[in-house]
There are 2 protein chains.
Amino acid sequence: MTSKHDEKWYNKKISRRDMLKLTGAGVAGVAIGATGLGGVMKAMGQDVFEVVADDSTTENKVNFYGTHQSGIATPVQKHIYFASLNVLFTSKAELQALLQKWTPLMVRLMNGELMVDHATNVRVPTGDTGEASGLDASNLTITVGVGPSLFSKLNMKQLQPKALKDLPHFPKDQLQENLTGGDLCIQACADDPQVAFHAVRNLVRAASGLVEIHWSQAGFNSFPANEGTPRNLFAFKDGTGNPLVTDKKAMNEIVWVQDGWLKNGTYLVARPIQMHLETWDRTSLKDQEATFGRHRESGAPIGKTDEFADFDIEEKDLEGKYIIPETSHVHLAVKSGAKMLRRSFSYASGVLSKTGTHDAGLLFISFQQDPAQFIAVQNSLGRLDKMNEYITHRGSAVFACFPGVEKGSYLGEALFNSL
Amino acid sequence: MTSKHDEKWYNKKISRRDMLKLTGAGVAGVAIGATGLGGVMKAMGQDVFEVVADDSTTENKVNFYGTHQSGIATPVQKHIYFASLNVLFTSKAELQALLQKWTPLMVRLMNGELMVDHATNVRVPTGDTGEASGLDASNLTITVGVGPSLFSKLNMKQLQPKALKDLPHFPKDQLQENLTGGDLCIQACADDPQVAFHAVRNLVRAASGLVEIHWSQAGFNSFPANEGTPRNLFAFKDGTGNPLVTDKKAMNEIVWVQDGWLKNGTYLVARPIQMHLETWDRTSLKDQEATFGRHRESGAPIGKTDEFADFDIEEKDLEGKYIIPETSHVHLAVKSGAKMLRRSFSYASGVLSKTGTHDAGLLFISFQQDPAQFIAVQNSLGRLDKMNEYITHRGSAVFACFPGVEKGSYLGEALFNSL
């Protein structure tokens with residue numbers, strides 16, 4: 001196709017959104033009707049135009065800039081696309097260049113804008129893969145972290161935080177290499193699955209030749225009409241015991257790292273956990289509740305009615321038995337004394353070929369100021385956890401998530417300034 | 001756990017929703033406060049209560065009953081969970097019993113109700129897996145069909161419609177057994193992924209020992225804030241050329257079977273299509289548009305600006321060349337002269353281990369009054385379709401979807417009455 005009408009195709013297909021952006025670069029805030037198109041067309045000599053905020057997206061927009069990265073203390077969204085990446089480069093300078101490149105792109109994505117504005121040259125690949133065109137920001141958050149393996153690969157082990165190391169092997173782990181580890185992670189969460197995927201797809205594309213996807217997992221959370229805690233695929237509410245993200249003191253004690261280049265950052269633990277739904281569904285409600293230590297419908301600790309009632313593991317009945325079973329998941333987790341911020345998502349698609357059962361489960365994600373918190377909980381669960389009959393941990397990864405970015409800075413700057 | 005407080009757990013956790021249902025069975029429409037709980041408890045001797053419409057769900061509810069099954073002419077929802085099942089039984093009577101069992105459960109699911117109301121016996125598995133508790137009906141539709149293989153398995157080939165046979169092999173097919181065929185299908189579509197999955201999970205569970213899942217695929221559609229046609233992962237609008245589902249004449253000509261036991265039913269073709277996103281993303285906008293035959297941003301036929309403009313494949317430019325490239329996907333599809341109702345969903349999760357590329361694509365679904373319509377389009381695409389460079393058909397299945405159900409009847413009754 002090289003005939004004359006090629007150029008026409010493109011010229012005719014400038015959307016209202018693009019017009020607003022284009023005209024915004026010249027005359028901010030002026031509403032332009034179709035009659036303004038001629039003038040706009042003439043302005044299209046350059047390939048990339050200035051970023052102009054798109055008013056239509058502000059309603060469902062999370063701010064990129066701040067003390068902390070988004071997607072951690074942000075209210076949990078409906079969808080996630082989580083990607084673990086391996087880097088193909090070997091120097092700290094290349095990592096820095098990549099993060100500098102990603103920073104403004106992350107701003108655009110979280111603004112609900114295209115990666116770059118439309119260019120006139122239709123003969124080269126487009127700057128944006130385009131599937132989020134017409135969708136709003138959908139509360140997109142993007143959270144980037146670095147894994148332990150990155151520091152040896154880039155010969156910068158002196159910068160590796162002591163707490164950042166591969167998680168130990170836990171008794172019931174059946175980890176698959178293709179769901180474990182990674183040099184970098186991108187956690188994209190949004191209220192729309194296509195917006196979340198679009199973010200990861202385009203950031204990876206912008207890093208073409210520099211990174212490859214090691215593993216990824218999409219997931220969802222479904223919120224009751226009256227809001228409240230979403231249920232996992234075992235039908236239990238997930239996240240009830242979380243600290244209040246608005247409680248600055250709790251967040252500083254539990255989630256945010258307090259010193260070093262990771263100050264105001266946090267550690268992300270990601271564990272794809274297969275849930276054996278068919279086995280679970282053959283279990284009585286009583287046993288299901290004894291497995292969690294909570295009531296299924298209300299989410300309350302066993303023996304109570306309020307989801308957010310204190311989870312008192314010491315309470316006993318008249319016969320001297322623990323009211324919340326000692327082998328229940330939450331009993332053991334609370335017993336560890338360790339806290340973290342859980343931010344998990346369910347997944348369900350396909351059938352496991354060996355068993356013909358649902359390929360479904362939980363992409364467990366937690367944030368903590370030290371992975372030791374997660375390790376303490378997991379060790380307390382150990383072999384005792386009644387939940388072990390119903391789940392299998394298939395993957396495991398830990399990442400140090402950079403602090404937030406202030407305007408004029410870029411993602412991870414503290415790391416590069418620290419030595 | 002056998003101590004006395006077990007029963008208490010359950011008694012304390014009856015939700016407002018359950019109360020409404022329980023009390024509705026006795027005194028319809030009377031609002032009951034917490035003080036009414038005592039009386040309700042006494043009524044709980046029986047295991048299953050009468051179905052009572054739940055007012056809180058009516059807003060996002062699709063009617064089960066009607067001339068046609070839901071999920072075909074229903075406006076396309078945001079999520080799908082599609083399951084292809086194989087049957088483990090061998091008689092027509094068992095199929096009939098299964099469909100008679102499923103019918104009232106489908107009504108309940110589409111009403112946003114639990115599969116059965118809570119029972120007092122917490123020592124047996126629950127009647128509902130529970131993960132949709134608190135979610136509304138989310139416009140859930142459930143569409144059930146029968147595959148060609150079912151008729152030989154049940155020794156009822158005399159009832160098999162002539163048009164219902166496995167699709168032929170197409171030139172570029174690379175079908176996987178674990179994504180192909182099936183005796184029965186359940187297409188659950190909803191605006192919430194957990195509601196869609198919950199429907200399939202519970203219908204399969206209700207058929208425990210009678211069916212096994214052969215393959216399944218979840219998918220999504222993302223709608224622009226101002227509504228309109230959703231984009232697939234190649235960023236092109238998908239479904240523009242569909243007949244209007246409100247156009248009765250068109251639907252009778254294109255979608256609904258006109259005679260036999262399948263009258264007012266239709267044929268569903270399902271094809272999981274892998275999309276090679278990385279290859280696509282390296283392609284210029286011009287080539288992408290020449291591949292589809294449409295403009296990416298507007299969705300209009302090449303050379304036009306309106307998405308819904310006539311797709312005139314004969315139009316030529318001054319040099320005598322077709323304006324819409326002859327090898328473009330839509331050009332070839334239109335050329336076939338065949339029409340169908342497309343109702344597809346995207347999927348994206350994970351990485352293909354061999355290539356390290358996105359495991360993503362389209363769960364293509366079309367409805368037509370004869371699979372010959374799909375075959376005609378696919379044959380016209382054949383080896384010419386420029387799209388072949390970017391996609392691979394990984395699975396294929398065809399199902400005859402029963403007509404709708406009138407009150408007092410059950411799903412598929414016409415099949416069993418026809419001989």
Side-chain angles (χ1 to χ4, degrees), chain A residues 1 3 5-6 8-9 12-13 15 56 122-126 129-131 133-136 178 192-194 197 201 205 212-213 215-218 220 222 224-225 228 231 233 235 277 281-286 289-290 295-298 302-303 305 317 319 321 323 325 348-351 353 356, chain B residues 1 3 5-6 8-9 12-13 15 122-126 129-131 133-136 178 192-194 197 201 205 212-213 215-218 220 222 224-225 228 231 233 235 277 281-286 289-290 295-298 302-303 305 317 319 321 323 325 347-351 353 356:
Chain A
M1 291 302 304
S3 60
H5 63 256
D6 291 350
K8 264 197 301 186
W9 305 356
K12 282 191 177 166
K13 57 178 238 3
S15 70
S56 66
V122 297
R123 293 202 167 76
V124 296
T126 54
T129 59
E131 74 272 26
S133 179
L135 307 178
D136 67 25
N178 63 353
D192 182 284
Q194 195 141 316
F197 177 65
R201 177 182 181 181
R205 183 175 183 238
E212 58 187 8
I213 312 174
W215 61 274
S216 75
Q217 178 69 57
F220 56 86
S222 295
R231 295 176 187 277
L233 294 181
L277 300 188
D281 288 348
R282 284 193 294 268
T283 305
S284 71
L285 180 62
K286 179 174 158 300
E289 297 190 334
H295 292 301
R296 187 169 101 170
E297 187 58 24
S298 65
I302 284 177
T305 53
D317 65 12
E319 297 165 30
K321 291 181 77 169
I323 290 184
S349 184
V351 177
S353 54
Chain B
M1 289 304 303
S3 59
H5 63 256
D6 291 350
K8 265 197 301 186
W9 305 355
K12 282 192 178 166
K13 58 179 236 8
S15 70
V122 297
R123 294 204 167 75
V124 297
T126 54
T129 60
E131 74 272 27
S133 179
L135 307 178
D136 67 24
N178 63 355
D192 182 285
Q194 194 141 316
F197 177 65
R201 176 182 181 183
R205 182 174 183 238
E212 58 187 8
I213 311 173
W215 61 274
S216 75
Q217 177 69 58
F220 56 86
S222 295
R231 295 178 187 276
L233 295 181
L277 300 188
D281 288 347
R282 284 193 293 268
T283 305
S284 71
L285 180 61
K286 180 174 158 297
E289 297 191 334
H295 292 302
R296 187 170 102 170
E297 187 59 25
S298 66
I302 284 177
T305 53
D317 65 11
E319 298 165 29
K321 291 180 77 168
I323 289 184
Y347 66 88
S349 184
V351 177
S353 55

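Just so we're on the same page: letters track the sequence lines, and every chain starts at 1.
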>> Looking only at heavy atoms and a cut-off of under 4.5 Å, which of B/Val351, B/Leu277, B/Asp281 has the most pairs with chain A?
In response: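 Heavy-atom pair counts peak at B/Asp281.
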> If you count heavy-atom pairs under 4.5 Å between each of B/Pro125, B/Ala225, B/Pro193, B/Ala348 and chain A, which one has the most?
Replying inline: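 That would be B/Pro125.
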> Given a strict heavy-atom distance threshold of 4.5 Å, which part of B/Asn178 is in contact with chain A: side chain, backbone, both, or neither?
Replying inline: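 Nothing of B/Asn178, per the 4.5 Å heavy-atom cut-off to chain A.
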>> Between B/Glu212 and chain A, with a heavy-atom cut-off of 4.5 Å, which part of the residue counts as in contact: side chain, backbone, both or neither?
In response: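 No part of B/Glu212 comes within 4.5 Å of chain A.
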> Looking only at side chains, do A/Thr126 and B/Arg296 share a donor and an acceptor under 3.5 Å apart?
Replying inline: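 Side-chain D/A pair, A/Thr126 to B/Arg296: present.
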>> Working note: B/Glu289 + A/Val122, criterion side chain to side chain contact (heavy atoms under 4.5 Å, CB included); need CA distance, chi angles, decisive distance, verdict.
In response: CA-CA 10 Å; B/Glu289 297 191 334; A/Val122 297; 6.0 Å; no
> A/Gly356, A/Ser349, A/Ala218: which one forms the most heavy-atom pairs within less than 4.5 Å of chain B?
Replying inline: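 Maximum pair count with chain B is reached by A/Ser349.
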> Picking from A/Gly228, A/Pro224, A/Gly130, which has the most non-hydrogen pairs under 4.5 angstrom with chain B?
Replying inline: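 Max contact count across the listed options: A/Gly130.
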>> The criterion is side-chain hydrogen bond (donor to acceptor under 3.5 Å, both in side chains); which residues satisfy it with A/Glu131, sequence neighbours excluded?
In response: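 If we apply the side-chain hydrogen bond (donor to acceptor under 3.5 Å, both in side chains) test to A/Glu131, skipping adjacent residues, the hits are A/Thr129, A/Arg201.
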>> For B/Ser353, give me all partners under side-chain contact (heavy atoms from CB on, under 4.5 Å), at least two apart in sequence or on another chain.
In response: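 By the side-chain contact (heavy atoms from CB on, under 4.5 Å) rule, B/Ser353 matches no residue at all.
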> Can you check whether B/Val124's main-chain N or O pairs, donor with acceptor, with A/Ser284's side chain at less than 3.5 Å?
Replying inline: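 Checked: no pair found.
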